[in-house]
Number of protein chains: 2
Amino acid sequence: MNILSYGLLGLLAREPRSGYDLTQYIKPFWPAKHSQIYPLLGKMEHDGYLTFDLIRQSDKPDKKIYTITSKGIEELKRWIDEPTSDPVNRDEMMLKAYSIWLTDPEKAIRLFEEREKMHAERAVYYESLLVKLKEDDQGEQRYLSPGVPTFSRYILLTKALTDSKNAVEWCQWVLSMLKKG
Amino acid sequence: MNILSYGLLGLLAREPRSGYDLTQYIKPFWPAKHSQIYPLLGKMEHDGYLTFDLIRQSDKPDKKIYTITSKGIEELKRWIDEPTSDPVNRDEMMLKAYSIWLTDPEKAIRLFEEREKMHAERAVYYESLLVKLKEDDQGEQRYLSPGVPTFSRYILLTKALTDSKNAVEWCQWVLSMLKKG
DNA sequence: ACTAACATGTAAGTAGTTACATGATTGG
DNA sequence: CCAATCATGTAACTACTTACATGTTAGT
């Protein structure tokens, strides 16, 4: 049970999903490829944290729908009280920014403009997910109450959105200095 | 030559340093343990990107001071123009936040207060580094000119500081909702 | 015709962590 | 006396990525 496996349990605690679905949903919060996730799900099933049902499909490939067990729920609750490891942020861009003084300003400008675009696109994406969340809520603002799963999703999406916006602003700030010279 | 090795080259492009020093300086921007860095430095030296001088010390253990070669500088410049990989952010706290609805509010509050404190401490630390940078500059504001190494350090520290502050604010925002209930 | 989405899996490799190993000096 | 800082290294392990492997359907 590594950290990723708790992330997967957290998704399955809301509703049963396939490995394929889990790979998509976990991505913004804990990047991982399907080649890491599929074997891990097998191990978690073997250890009794999950069960699965094989769903035969004619139009699309067959799939395994994983469901969390009560043992899985207990393990998830236990984990929340354990010490939390430090965040790990690795961004090649930051290392390039550290050496940007070695290169010519045009190249530096191109680099930061690219990144600004990337983060702006992410911001749009997270914004759209937040809009969807609020639409599903139908004006009842249930997502503002801790204790419902939507609350957790709401605060995470908000964090992802502000992080993206801040990254865009930082790029713009650096660009303004690069263009002044 | 993995991404970390370019980070190390970037530090050595400013001034020669020991592996021990590099381990400290790289940490905020690319977490890595000495057990990863020492063998990597050996490989980079073997490949001609670095040289080292063995400094014998009587009070402290001997050390190796690494210096970047012209081949190293060229490689560093070449890397900046290459495609940049996506940032990787993995924070166990985010996964816990996603499952926080399963636990009681007091535990949730404790979790977020701890994190708020951690990020606040980081903010103080980065603030102090920025203050030091500006003191060393002696009011000449050279760090605002792209093309000097201090500019790169300035923009990175500013990013690290605002990221920490934003994380503190997010924790406080979540806490305000958790306390309302 | 080709590209993307759906769907799961394994094999081989790289990157990163934890633990082991050593040892002097300084400060509380 | 104990912990921290300085200083470098290896061994064993875990985590993660890239590449290989297969196959259908829907849209451009």
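Order of the sequence lines fixes the chain letters, A, B, ..., with proteins taken first and strands second; residue numbering starts at 1 for each chain. Keep in mind that this is a model prediction, so the values were computed, not measured.
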Next on the checklist: One pair to check against salt bridge (charged side-chain N to carboxylate O under 4.0 Å, His left out): B:Asp91 and B:Arg115. What are the steps and the verdict?
Outcome noted: CA-CA 11 Å; B:Asp91 189 350; B:Arg115 268 296 142 130; 3.0 Å; yes
Item to check | DNA chain D: 5'-proximal contact among B:Gly19 and A:Pro31 (nearest heavy atom) | outcome: B:Gly19
Item to check | Spacing of B:Ile37 atom CD1 relative to D:dT8 atom C1', expressed in whole Å | outcome: 12 Å
Checklist entry - Below 3.5 Å, does any donor atom in the side chain of A:Ser35 face an acceptor in the base of D:dT18, or the other way round? => result yes
Checklist entry - Would you say B:Tyr20 reaches D:dT8's phosphate, i.e. side-chain N/O to OP1/OP2 under 4.0 Å? => result no
Next on the checklist: Please report the distance, rounded to the nearest Å, between NZ in A:Lys64 and C1' in C:dA7.
Outcome noted: 11 Å
Next on the checklist: Please confirm whether the shortest side-chain N or O distance from A:Gln36 to OP1 or OP2 of D:dA15 is below 4.0 Å.
Outcome noted: no
Next on the checklist: Does a side-chain N or O of B:Tyr38 approach OP1 or OP2 of D:dG9 to a distance below 4.0 Å, or not?
Outcome noted: no
Checklist entry - Rounded to the nearest Å, what distance is computed from the CE atom of residue B:Met1 to the C1' atom of nucleotide C:dA15? => result 15 Å
Checklist entry - Rounded to the nearest Å, what distance is computed from the NZ atom of residue A:Lys27 to the P atom of nucleotide D:dT17? => result 12 Å
Next on the checklist: If I take atom NZ in residue B:Lys43 and atom P in nucleotide D:dG9, what distance separates them, rounded to the nearest angstrom?
Outcome noted: 16 Å
Checklist outcome for this item: Against the side chain of B:His34, the closest entry in D:dC16, C:dT8, D:dT10 is D:dT10
Item to check | Whole-Å gap separating P (C:dT8) and CG (A:Leu41) | outcome: 9 Å
Checklist entry - Is any side-chain nitrogen or oxygen of B:Trp30 closer than 4.0 Å to OP1 or OP2 of C:dA15? => result no
Item to check | hydrophobic_cluster_shared for B:Trp79 and B:Met1, side chain cutoff 4.5 Å | outcome: yes
Item to check | Length of the CD-C1' vector between A:Glu45 and C:dG9, whole Å | outcome: 15 Å
Checklist entry - Quick one: is C:dA7 close enough that its OP1 or OP2 comes under 4.0 Å of any side-chain N or O from A:Lys63? => result yes
Checklist entry - OP1 or OP2 of D:dT14 less than 4.0 angstrom from a side-chain nitrogen or oxygen of A:Asn2, does that happen here? => result no
Next on the checklist: Any side-chain N or O of B:Gln57 below 4.0 angstrom from OP1/OP2 of D:dC6?
Outcome noted: no
Next on the checklist: On the nucleotide D:dA19, are OP1 or OP2 found under 4.0 Å from the side-chain N or O atoms that A:Lys33 carries?
Outcome noted: no
Checklist entry - Starting at CD of B:Glu92 and ending at C1' of C:dT17, how long is that distance when rounded to a whole Å? => result 15 Å
Checklist entry - Between A:Lys60 and D:dG23, does any side-chain N or O lie under 4.0 Å from OP1 or OP2? => result no
Next on the checklist: Would a single hydrophobic cluster contain both B:Ile65 and B:Leu11, if residues Ile, Leu, Val, Met, Phe, Trp and Tyr are joined by side-chain heavy-atom contacts under 4.5 Å?
Outcome noted: no
Checklist entry - Is the shortest heavy-atom distance from the side chain of B:Leu41 to the side chain of B:Leu22 under 4.5 Å? => result yes
Checklist entry - OP1, OP2 of C:dG16 versus side-chain N and O of A:Arg90: anything below 4.0 Å? => result yes
Item to check | Which atom of A:Glu116 lies closest to which atom of A:Val168, heavy atoms considered | outcome: O-CG2, 3.8 Å
Checklist entry - When you match A:Leu4 and B:Asp62 each to their closest nucleotide on DNA chain D, which lands nearer the 5' end? => result B:Asp62
Checklist entry - Shared ILVMFWY cluster between A:Met118 and B:Ile80, side chains joined below 4.5 angstrom? => result no
